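Throughout, a chain's letter reflects where its sequence line sits, starting with A, and its residues are numbered from 1. Please read these numbers as outputs of a predicted model, since none were measured by experiment.
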Amino acid sequence: MLDKTYRPAEIEAKHYELWERAGAFRARPESGRPPYTIMMPPPNVTGSLHMGHALTFTLQDVLIRYWRMRGRDALWQPGTDHAGIATQMVVERQLEAQGVTRHQLGRAAFVDKIWEWKHQSGGTIQNQLRRLGASPDWARERFTMDDGLSRAVRKIFVELYKQGLIYRDKRLVNWDPKLHTAISDLEVEQREVKGHMWHFTYPVEGGAGAVITVATTRPETMLGDTCVAVHPDDDRYRHLIGKHVVLPIVGRRIPIVADEYSDPEKGTGAVKITPAHDFNDFEVGKRHGVEAINVLDANACLNDSVPEAFRGLDRYEGRKAVVAEMERLGHLAKVEDHVHMVPYGDRSGVVIEPWLTDQWFVDAKTLAKPAIEAVESGRTRFVPKHWENTYFEWMRNIQPWCISRQIWWGHQVPAWYGPDGTVFVEETEEEAQKAAHDHYGVNVRLERDSDVLDTWFSSGLWPFSTLGWPDETPELQRYYPTDVLVTGFDIIFFWVARMMMMGLHFMGEVPFRDIYIHALVRDEKGQKMSKSKGNIIDPLDTIGKYGCDALRFTLAALAAQGRDIKLAESRVEGYRNFATKLWNAARFCQINDCRPVPGFDPEGVSEKVNRWIVGKVAETAEKVDVALESYRFNEAAQAVYQFTWGTFCDWYLEFGKPILQGGDDTARAETRAAAAWTLDQILHLLHPFMPFITEELWEAMAPERADRLINAEWPAHGALVDPEANDEMDWVVRVITTIRAVRAEMNVPPAAKLTALLRGANEITRARLYTHRDLIMTLARLDNLEISEVEAPRGAVQMVVDEATVVLPLAEHIDIAQERARLRKELAKVEGEIARLDKKLSNEGFLAKAPPEVVEDQREKREEWVLARAKVAEALERLQAA
RNA sequence: GGGCGGUUAGCUCAGACUGGUAGAGCAUCUCGUUUACACCGAGAGGGCCGGCGGUUCGAAUCCGUCACCGCCCACCA
C-alpha cells in the first residue's frame with residue numbers, strides 16, 4: 001500500500017539507478033525506429049548545476065522522453081566542454097593556494113595537473129544531471145578534448161587552413177593583460193565607467209606657436225601617436241592638413257592627415273591616432289600608411305618604445321605620469337569628467353587592451369554565407385522565430401574570428417615553424433616534418449606553435465565530432481542532422497552560429513532542423529541570479545526540498561516563449577502539491593482495488609462516466625501532442641495538470657465513489673478497470689515532466705508489470721471521444737457547479753448541504769443519468785430545495801428555485817444595506833450588458849456582416865442576461881420587503 | 001545610434017499567431033475534515049489587459065504611435 005504522503009527523495013535515486021542499469025537511456029540504432037536526436041550543449045567541465053542548466057536540461061529531457069515514448073530511437077548525446085580559460089584558472093588557483101605557479105611547473109606538467117583534476121572533479125555536473133532525472137545516453141558521453149574529438153579538431157583546422165579559411169595575421173586583438181591571452185570580441189564585456197577627457201595641445205611644426213588640440217580618455221596612448229586626423233571638410237583645420245605636429249614628451253614629428261573618420265562634432269574635431277592601441281585608429285593608420293607603434297607590453301605596462309622615464313609603468317601609473325608631464329609642459333588644455341564604455345574581460349574582470357599581435361583567424365565571413373542561407377530558406381528554423389533576426393544581424397556583420405589563445409589548456413594549434421619561420425600546418429608532427437622536408441630538401445628542426453584554440457572552435461564541431469567524424473560511422477549517417485538544439489539566447493553567437501558554419505561546411509548539411517531558444521531564469525524579482533547578489537536558487541536545494549519532479553514541472557510550466565522566467569519558490573511548492581495529489585489519487589485507486597487490467601479496451605466501456613473519462617484522456621493526450629510538437633512546454637504541462645487535478649480527481653473519482661462502493665458488480669468491475677487505465681494514461685502523459693513519481697506509481701499500481709514506464713508506448717487514441725457521454729457529463733458538471741455557485745451567492749452557510757449536493761450527484765451517476773430532470777430533482781430534494789421550473793437545453797443551465805427557502809436565512813446573516821448596494825451594482829452591470837447587446841443586435845452592420853452563429857450566440861447571451869436581471873431584480877425586491 | 005522583448009488580478013505568469021462578455025498558480029477572505037489527499041475540498045473578492053490613435057459590426061488580441069522597464073549589438077577622440 002502506498003504511503004499517505006509522497007516522499008520524493010526515497011524513490012528518485014532508486015529509479016534513476018534502475019533506468020541506468022537497464023540501459024533505458026540508450027540509443028538503439030539497431031531498432032530500426034526513426035531517430036530523434038538532441039545534442040546536449042556540453043556544460044563546462046568545471047561547472048556545477050545552476051537553475052539555467054536545470055531549465056535547459058529539463059526541457060531537453062522532456063523532449064527526449066516524449067519522443068522515446070512516441071517510438072523514436074532517441075539519442076541524447078551528452079558530454080562536457082574542456083572550457084579552456086575557465087578550467088585553467090580553476091587549477092591555477094588551486095596550485096597558487098599551494099604556493100606554486102604554473103610557470104614553475106612548466107607546460108607539460110601543468111596540463112597533466114589539469115587532466116588529473118578533470119579525472120577527480122570533472123564529473124560533478126554529470127552526477128547533478130542524474131539528480132535532475134536527465135536521460136542522455138551516458139555510454140556515448142564525450143569530452144571536447146578526448147582523442148576522437150581532438151583528431152576532428154586537428155583535421156578541421158588543417159582543412160580550413162588549406163582552403164585558405166584559416167590564416168595567420170598580425171592584427172589588433174582584444175588582449176587580456178591578466179590572463180595573457182587574446183580573447184574574442186564576444187568575450188569582451190562593455191561596462192560604463194566614469195572617467196575623464198583630457199584635452200592636449202600639440203604644437204604645429206613651423207606654425208609659430210600654433211597648436212592643434214586633441215582630446216583623449218587614454219592619455220598614456222599618446223606616446224604611441226603617429227598622426228593626427230581631421231575631417232577633410234572641417235574649415236577649422238583645413239589649412240593644417242599635410243603639416244606636421246611635434247608630439248610632446250616624445251618629440252616625434254607626425255603628420256596631420258585628412259580622414260572622414262574624424263567627426264567635427266565630437267571632441268575638438270581633431271583626433272590623435274594611435275594605430276597600435278585602438279581598433280579605429282588602426283584602420284585610419286593603415287589608410288594613411290603611418291607606423292603602428294606598440295607602447296605596451298603583455299602586462300599592459302609601458303614598454304621600451306616610450307621615453308625612458310615612463311618605461312615599466314603600468315598603464316594607469318603611466319596615465320598619471322603623462323598627464324603630469326603634459327601639464328608641466330603646458331600642453332594640458334582642459335580636463336572634463338566623462339562617462340564612457342570600457343572593455344572588460346568576462347573571465348578576468350580586467351580592462352582589455354587592443355594589442356597588436358600575431359594570431360590565427362578564421363574567415364568567418366565566407367563560412368557564414370551558407371549558414372545565413374540555411375536559415376533564410378528554412379532548412380533550420382528558430383523557435384521563437386524572432387531570434388532569426390538576432391542571428392542574421394550578427395552573421396551578416398561577422399568579423400574574422402580570432403581562434404588562438406595564449407594559454408596551455410586546450411587543443412594546441414597543429415602548426416609547426418621551420419628555422420626561417422615558414423609554417424607547416426599538418427595533423428601530426430610526422431606529416432609536418434615530411435612537408436618541411438619537401439620544402440627545404442633536408443630534415444630540419446621544427447617548433448610547434450604554442451597557442452591553443454578557442455574552446456568554441458571544438459564545441460562548434462560537437463554535432464558531428466561526437467558521432468565519430470571524420471570517420472564515416474553509422475551513427476553519423478543515422479543521427480546527423482539532429483532534430484533540435486535547445487539552448488539559451490546567450491550562446492547564439494558563441495556556439496549556435498559556429499555549429500551552423502562548421503556543420504554546413506564539413507557535413508554539407510545543417511546540424512539541426514530546429515533551434516529552440518528558451519528564456520533565462522531570473523529570480524522572483526526579475527534580477528539575474530548571481531553569487532554577489534545572493535539571490536541564487538540552487539536547483540539541488542530545491543530538489544531536496546520539493547522533489548525533482550516538482551522542480552521539473554515548474555520549469556516546464558514556466559517555459560513560455562518570449563519572456564524571461566522569474567522563478568518563485570511558491571510555484572515549485574504548488575507543483576509539489578500536485579505530485580502529492582497524484583500520489584493520493586493513486587492511493588485511492590489502490591484502496592478501491594482499481595488495478596490495471598491487461599487488454600483493457602477503453603472503447604468497450606459502457607458506463608457513462610467511464611465513456612466520458614476515456615474521451616477526456618484522448619482530448620488531453622491530443623493537447624499534449626500538439627503542444628510538445630511545437631515546443632509549447634507550458635501548454636502541455638497545463639493540459640495534464642488540469643486533467644489530472646480538475647477532471648480526474650475532482651470529478652471522475654467523485655462520480656466513481658458510489659459505483660466503486662455500490663452493489664452493481666458489473667459496473668464496479670468496469671469502473672475499477674477504467675480508473676486504473678485512466679491513471680495509467682496520466683502516468684504516461686506526465687512521465688516526460690515528472691519521471692520519478694510516475695515510474696514509481698506505474699510500478700506500485702501493478703508490481704507484476706515487467707516493463708518500465710520510461711520505455712512504455714505513448715498513448716495514441718484519437719477516436720475515443722463519445723460526444724454523447726461528453727456532453728452529458730460536461731452538463732452534469734456544469735449543473736453541479738452552477739448549483740454550488742447559486743447556493744454560495746445566496747450566502748447559505750451550511751456546508752453539510754454542499755456535501756449532500758455532491759452525494760446527490762453521485763446518486764445520479766449511479767442511476768446512470770437517466771434524464772437531466774431526474775438529476776435536478778434529486779439534487780434539489782437532497783438539498784431541500786423546491787424546484788418550480790427546470791429547463792435544461794444543451795449548453796446552458798437554467799433553473800428557478802423556490803427562493804423562499806433560500807432567502808430566509810440570507811436575511812439573518814448579512815448586512816442588508818451592503819447586500820442591497822451589491823445587488824444594485826450587479827443590476828446596473830447586468831442592465832449595461834443587456835443594453836450593450838441590444839445595441840449590438842440592432843446594429844445592421846453586425847447583423848449583415850457577422851457570421852450567423854456569432855449573432856445567434858450573442859442573442860443567447862442576451863437571453864441569459866435577461867434571466868439574470870430578473871433574478872437580481874427579484875432578490876432586490878425581496879430585500880426591500882425585508 | 002540600431003535591434004529585440006516586456007507592460008494583463010496584490011505577486012508570478014498564461015491567453016495574442018487564428019478578433020466575439022478576461023484565465024491559472026500563489027496570496028487574501030468565508031465555509032468545510034465519518035469515509036484518497038489540509039501538500040485537501042467547496043466558494044468569494046480582486047482586472048477601463050501601459051497611454052493615444054487607426055482598421056472592424058466588434059480589439060487584451062491586428063496596424064500605427066508614444067511612454068516606461070529589461071536585454072542584445074555598435075559607437076563614444
task = Could you check which residues of residues 576-585 of chain A get a heavy atom under 4.0 Å from RNA chain B? Sort them by number, please.
result = A/Arg576, A/Asn577, A/Thr580, A/Lys581, A/Asn584, A/Ala585
request  = Consider the side chain of A/Glu635, meaning its heavy atoms from C-beta on, and name the nucleotide among B/G15, B/G41, B/A36 that approaches it most closely.
outcome  = B/G15
message = Roughly how many Å apart are B/U56 and B/G19, using the C1' atom of each and rounding to a whole number?
response = 9 Å
task = Quote, to the nearest angstrom, the C1' distance that separates B/C37 from B/U18.
result = 40 Å
inquiry  = Could you walk me through whether A/Ile256 and A/Tyr237 satisfy the side chain to side chain contact (heavy atoms under 4.5 Å, CB included) test, starting with their C-alpha distance in whole Å, then the side-chain angles of each, then the deciding distance to 0.1 Å, before giving a yes or no?
reply    = CA-CA 9 Å; A/Ile256 297 169; A/Tyr237 301 114; 5.9 Å; no
inquiry  = Over 60° means perpendicular and under 30° means parallel, so tell me whether A/Tyr516 and A/Tyr631 are parallel, tilted or perpendicular.
reply    = parallel
request  = Provide the distance between the two C1' atoms, one in B/A59 and one in B/G51, to the nearest whole Å.
outcome  = 16 Å
task = Kindly assign one of parallel, tilted or perpendicular to the pair A/Phe578 and A/Phe553, based on the angle between their ring planes and the thresholds 30° and 60°.
result = tilted
request  = Using the P atom on both, measure B/G46 against B/G10 and round to a whole Å.
outcome  = 11 Å
ask   = Between atom CG in A/Asp185 and atom P in B/C75, what is the gap in whole Å?
value = 9 Å
task = Check whether the side chains of A/Ser184 and A/Glu187 place a donor and an acceptor atom closer than 3.5 Å, and report yes or no.
result = yes
task = Measure from CG on A/Leu679 to C1' on B/A36 and round the result to the nearest Å.
result = 12 Å
Between B/C13 and B/G70 - P atom distance, rounded Å = 15 Å
key: A/Phe489, nearest nucleotide to its side chain (from B/A36, B/C73, B/C71)   = B/C71
note = note: A/Arg191, atom CZ; B/C75, atom C1'; distance rounded to Å ~ 19 Å
Minimum-distance nucleotide to A/Ile591 side chain [options: B/G15, B/A36, B/G41] = B/A36
message = From OH of A/Tyr575 over to P of B/U12, roughly how many Å is that when rounded to an integer?
response = 16 Å
query = Between A/Leu186 and A/Val214, which is nearer to the 5' end of RNA chain B once each is assigned its nearest nucleotide?
reply = A/Leu186
task = Look at all strands and tell whether A/Thr390 reaches a base, only sugar-phosphate, or nothing, counting heavy atoms closer than 4.0 Å.
result = nothing
ask   = Looking at B/C4, B/A36, B/A42, which one has an atom nearest to any side-chain atom of A/Glu654?
value = B/A36
note = Side-chain contact check for A/His386: nearest option of B/C4, B/A42, B/A36 is B/C4
Nearest-angstrom distance from the residue atom CE of A/Met341 to P of B/C76 = 12 Å
key: Spacing of the C1' atoms in B/G15 and B/G25 (rounded, Å)   = 15 Å
request  = State whether the number of non-hydrogen atoms from other residues, nucleotides or ligands found under 6.0 Å of A/Glu260 atom CD is greater than 12.
outcome  = no
query = Base, sugar-phosphate, or nothing: which does A/Asn397 touch, judged by heavy atoms less than 4.0 Å apart?
reply = nothing
message = Under 4.0 Å, counting only non-hydrogen atoms across every strand here, what does A/Thr217 touch: a base, just sugar-phosphate, or nothing?
response = sugar-phosphate
Intra- and interstrand pairs of RNA chain B - dot-bracket, Watson-Crick/G-U under 3.5 Å, | marks other strand = ((((((((.[[[[.)....(..]]]].(((((.......))))).....[[[[[..)....]]]]])))))))....
inquiry  = Rounded to whole Å, how long is the line connecting atom CD of A/Gln642 with atom C1' of B/A14?
reply    = 11 Å
task = Quick one: do A/Phe200 and A/Leu332 satisfy side chain to side chain contact (heavy atoms under 4.5 Å, CB included)? Show the steps, please.
result = CA-CA 5 Å; A/Phe200 290 155; A/Leu332 179 62; 3.6 Å; yes
key: A/Tyr575 ring center within less than 6.0 Å of A/Tyr641 ring center   = yes
ask   = Rounded to the nearest Å, what distance is computed from the CD atom of residue A/Glu336 to the P atom of nucleotide B/C76?
value = 17 Å
query = When you measure from the side chain of A/Asn592 to the backbone N and O of A/Cys594, does any donor-acceptor pair fall under 3.5 Å?
reply = no
task = Using the C1' atoms only, state how far B/C69 lies from B/G23, rounded to an integer number of Å.
result = 25 Å
ask   = Rounded to the Å, how far apart are A/Arg571 CZ and B/A24 C1'?
value = 7 Å
request  = Report yes if at least one side-chain N or O of A/Trp645 is closer than 4.0 Å to OP1 or OP2 of B/C40; otherwise report no.
outcome  = no
ask   = When you look at A/Val342 and A/Arg191, which way does the side chain to side chain contact (heavy atoms under 4.5 Å, CB included) test go after all the steps?
value = CA-CA 5 Å; A/Val342 176; A/Arg191 293 190 207 158; 5.7 Å; no
task = Using the C1' atoms only, state how far B/U28 lies from B/C11, rounded to an integer number of Å.
result = 12 Å
message = Counting the atoms with a prime plus P, OP1 and OP2 as sugar-phosphate, which does A/Cys589 contact under 4.0 Å by heavy atoms, base, sugar-phosphate, or nothing?
response = nothing
query = Between B/C76 and A/Tyr261, is there an OP1 or OP2 to side-chain N/O distance shorter than 4.0 Å?
reply = yes
ask   = Is the shortest distance from a Lys or Arg side-chain nitrogen in A/Glu353 or A/Arg218 to a carboxylate oxygen in the other one below 4.0 Å?
value = yes
query = Under 3.5 Å, is there a donor-acceptor pair linking the side chains of A/Asp337 and A/His196?
reply = yes
key: Flag, side chain of A/His277 to backbone of A/Val295, donor-acceptor distance under 3.5 Å   = yes
